[in-house]
Amino acid sequence: MTAEFGLLRKLSVLVLIAVPLVALLGWVFNVPILRTIAPGLTPMNPLTAVCFLTTALVMWFLLTHQDPDKATPRQRAILYFVGAGLVLVGGSVIFRSLFGWPLNPDTILFSEHLGTNRMAPNTALNFLLLGLALICMTTVALIQYGIVRISAMIVFSVALSAIIGYGFNLLPLYSLGTLTPMALHTAILFLIISSGMLTVRFQENDLNRKVLLGLVVMLTAILSVVSLVVASFNSQHHLQDRITKAEQITTTSAELLSTMKDAETGQRGYLLTGNQNFLEPYDSAVAHYPTLLQTLRDITKDDPDQAPRIAELELLIQRKFDFIALTITTYRQQDAASSIAIIKTNQGKLIMDAIRRVTDEISQNARTDASALVAAQQATDDRTLYYIQLTSALAMVLIIGIMLLLIRETGGRTRAERALREERNVAIAAKAKDEAILSSIGDGVFALDSHNRIILFNKAAQHISGYNEQEALGKLYSDVLAFSSEDGKTKHATFIEQAQRGIQAQMENHTVLKNKAGELIPVDDSAAPIRNADGKQIGIIIVFRDITKQRQLERAKDEFISLVSHQLRTPLTAIRLFVEMLKGEQVGKLNAQQKGYIEKVHLSTERMIKLVGDILNVSRIELGRIKVEPTTTDTNALILSHIDEVAPLAKEKKVAITFIPRKDLPKLSVDPILFGQIVHNLLTNAIRYTKDKEGKVNLTFLQKGKDFELSVKDNGIGIPTAEQSHIFERFYRAENAKQAIGEGTGLGLYLIKLILTTAGGAIRFESTQGKGTTFYVTIPASGMKPKRGDRSLG
């Protein structure tokens, strides 16, 4: 199974889990939209959701076992159990639909919320067929294998028919008479499941590859149909809401106008008769109009065109009620004639006419919007139907093509099986030859397939790990071979992960293998991808060797150098102390000749101390024990501190040092000790090999592209062209350097090269003999690479 097909299957299983899980949550929390996915669709029955979840788990099992016939008895029992459950559920629902038998497993869950919702008969048929296919899945008999294929194809056809039925609004394609229709998302899930089952036992040289490709294309087309259908439902639902709102605006404005008329009626009756009972319509209007007005505000709050009309209407209604209240108060406090006089001013009529005008404008605007919305809905439906028909036609062409491919595959199965047997015999012979070669190799060798299972384990690997071939083959490599750091706490499997991505990779430093007895064995070597003749990666191969003796030698070397360094440093430190006491004339006055001798002893002592330190540092870096701990560092300040440190030497040699810090440079992630050592060594060399008079050393630190570059330029003796290729070698000094300054270790540049190689940088130089040298150190923008270790520079 190729990686892209494996990813497609895993995504399909995730969909199979997510959709029914969402539907179940809809039943648990009584949220209808979660059951239907989109408004207006049929909800998924809760038992249907449970069956899908169970089937998804089985599909996940099939993802990890490309050949189900190789399943263990327990795994095979799970397949039978789930398959039998699906057959029982599907069969009982079909018997109920056909014969009216009282079998209702689909009403067990959430019966209080189900209403008339039941599992659709075509859904039950598909579960029955899927269950039968699962029962036959673990066998290799041709007839049972055919049942799997036939069942999956029928499920595929039923699901596709339902989806097309939804697309063309053909109820008979997704529902049987008056029975519950198959839900749209149920049909989609059946399509995914059947597609997956049709590709089980996928072989590279099989027509299944073409079938799967066709299914992928077809599934894409079907999902496009579904997207259009759902979009159409959503659009229709949204437009219907807006149409309903427009109708509510019209109704509410009319009711508000009627309420104002009732208020006028109550006013008129009271002023004519003086009977308090005639004010009842007016009192009712006063109590009722705020509610109507608030309703009108709420349903027009998203319509900026209606907002000024609503504001005007609210003001007019208030004026109307104020006018009516004035006439009633006047009637009560004075007489009928005075109130009639107020009415005769015609102000009340003018206000009422304005209210009628505004309510008519509000209603007319709402009716205009409703008409436009209906037209938009019709245009959307027409366009959606066109795309549905086009895509569905494509899906039908594809399904016919796939059926023809399957027929052709079945007809050529005998020839394919015969060719497969011949290829298998050739492969077995080639494998035996390869295994004989690999078994004779002294290094441990094991190979993994695309699922990280061990498929080859040579004798050296058995000897180093303590596991025999039977214990290793077929197992996940992580269950047999645990690669880690020396303390056993950190997993060291990056080299295998890189090989899985197609990159040849080396083991990390200080990698150990925990063998069967629990012992940690130092190992080293690499992993590389295995590709077939077409260049496709089919696994990886790992070579490793026991380097216990090498580590012991390295440890002995380190201990020896540390011991020697310690034994040398102790007396040298004492010598330095006594020499400094003599130079300071703490034990008596010295004449000029004695002072000269003491100064030479002091210089020799300092050179010896530096040589011991350099040898110790070089040894630790070569053994991989130096740690690199990058931190965000102000490199300008660090460079300046080392310039200050070498200032006495520069003053003595009369050498001018120039460095202009760049304030716009960001801080860089470097190990300050290691980076400082680089700066210090380059500065010291530049000063020492520069002219005593008019000597100049220029430092720059700039960002160039994605990297940072430190340059140290001098006008000193330069490096002869013939010797430039050796300049970074251990203990190497050019001839003109030896003549200029007799003392020197030849380790400074070698140490810089080791540091940069370890920390992920680079160094180069340009030099002309007699004119000077410029060294360039490059640090990536990401900074130095961190590295574990147990030592710092001495």
Side-chain angles (χ1 to χ4, degrees), residues 610 628-719 724 727-728 734 737 740-741 744 748-785 793:
K610 186 178 186 307
V628 182
E629 297 178 319
T631 59
T632 303
T633 303
D634 184 345
T635 47
N636 286 327
L638 185 61
I639 293 171
L640 287 171
S641 70
H642 283 279
I643 292 175
D644 291 341
E645 191 174 326
V646 300
L649 177 63
K651 183 177 180 181
E652 179 186 342
K653 295 275 292 181
K654 296 182 175 59
V655 174
I657 302 176
T658 304
F659 173 64
I660 301 176
R662 293 288 298 271
K663 296 182 180 179
D664 58 336
L665 282 181
K667 292 184 177 181
L668 185 60
S669 178
V670 297
D671 186 312
I673 296 176
L674 298 178
F675 189 75
Q677 184 72 42
I678 294 170
V679 174
H680 187 88
N681 284 9
L682 290 176
L683 268 175
T684 304
N685 281 355
I687 294 169
R688 291 177 64 198
Y689 297 113
T690 298
K691 303 171 184 177
D692 289 346
K693 293 182 180 180
E694 299 180 358
K696 295 179 182 179
V697 175
N698 184 40
L699 277 79
T700 61
F701 189 67
L702 305 170
Q703 185 169 10
K704 291 194 173 183
K706 296 182 179 179
D707 299 327
F708 289 83
E709 184 179 84
L710 168 72
S711 68
V712 180
K713 181 179 181 181
D714 64 58
N715 61 345
I717 63 175
I719 304 170
Q724 289 183 5
I727 203 67
F728 292 112
I741 301 175
L749 291 176
Y750 179 68
L751 182 60
I752 292 174
K753 182 74 172 179
L754 284 179
I755 291 173
L756 290 171
T757 301
T758 302
I763 184 170
R764 60 185 178 87
F765 69 92
E766 297 172 356
S767 183
T768 302
Q769 187 174 0
K771 294 185 178 181
T773 304
T774 304
F775 282 93
Y776 302 93
V777 173
T778 302
I779 304 292
S782 57
M784 288 182 167
K785 293 189 301 185
L793 285 185

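Throughout, residue positions are numbered sequentially from 1 according to the sequence presented.
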**Item:** Sequence neighbours excluded, every pair satisfying ring-ring contact (aromatic ring centres under 6.0 Å, His included) that has a member inside residues 643-672
**Value:**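 Not a single pair qualifies under ring-ring contact (aromatic ring centres under 6.0 Å, His included).
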
Kindly compute the distance separating [atom1] ([X]) from [atom2] ([Y]), expressed to the nearest 0.5 Å.
X	Y	atom1	atom2	value
L683	L649	CG	CG	10.0 Å
I678	L751	CD1	CG	8.5 Å
T690	N685	OG1	CG	9.5 Å
I639	D644	CD1	CG	12.0 Å
I727	T773	CD1	OG1	8.0 Å
I660	N636	CD1	CG	11.5 Å

**Request:** Give a yes or no answer on whether the side chain of N715 reaches the backbone of G695 with a donor-acceptor pair at less than 3.5 Å.
**Result:**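 Pair absent, no side-chain N/O of N715 close to backbone of G695.
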
**Prompt:** Any donor and acceptor pair, going by atom type alone, linking the side chain of D671 with main-chain N or O of V628 inside 3.5 Å?
**Reply:**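 It does not hold such a pair.
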
**Prompt:** side chain to side chain contact (heavy atoms under 4.5 Å, CB included) between I657 and V646: does it pass, once the steps are laid out?
**Reply:** CA-CA 10 Å; I657 302 176; V646 300; 4.0 Å; yes

Less than 4.5 Å apart, side chain to side chain, heavy atoms only: is that true for [X] and [Y]?
X	Y	value
E709	L702	no
I752	F775	no
L682	L699	no
I719	F765	yes
P666	Q703	yes
L668	F701	yes

Can you give me the closest heavy-atom contact between [X] and [Y], atom names plus distance?
X	Y	result
R688	K653	O-NZ, 3.4 Å
V670	T633	O-OG1, 3.4 Å
P672	E629	CD-O, 4.3 Å
Y689	A737	CE2-CB, 3.7 Å
V655	K696	CG1-N, 4.2 Å
S767	Q724	O-NE2, 3.2 Å

**Message:** Under the rule for side-chain hydrogen bond (donor to acceptor under 3.5 Å, both in side chains), what residues qualify as partners of T700, not counting sequence neighbours?
**Reply:**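 Scan of T700 (side-chain hydrogen bond (donor to acceptor under 3.5 Å, both in side chains), adjacent residues dropped) gives S711.
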
**Request:** For the residue pair H680 and H642, categorise the inter-ring angle as parallel (less than 30°), tilted (30 to 60°) or perpendicular (more than 60°).
**Result:**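 The rings of H680 and H642 stand perpendicular, inter-plane angle above 60°.
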
**Prompt:** Any chance NZ of K713 has more than 12 other-residue heavy atoms, nucleotides or ligands included, within less than 6.0 Å?
**Reply:**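 For K713, atom NZ is not crowded (no more than 12 foreign heavy atoms under 6.0 Å).
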
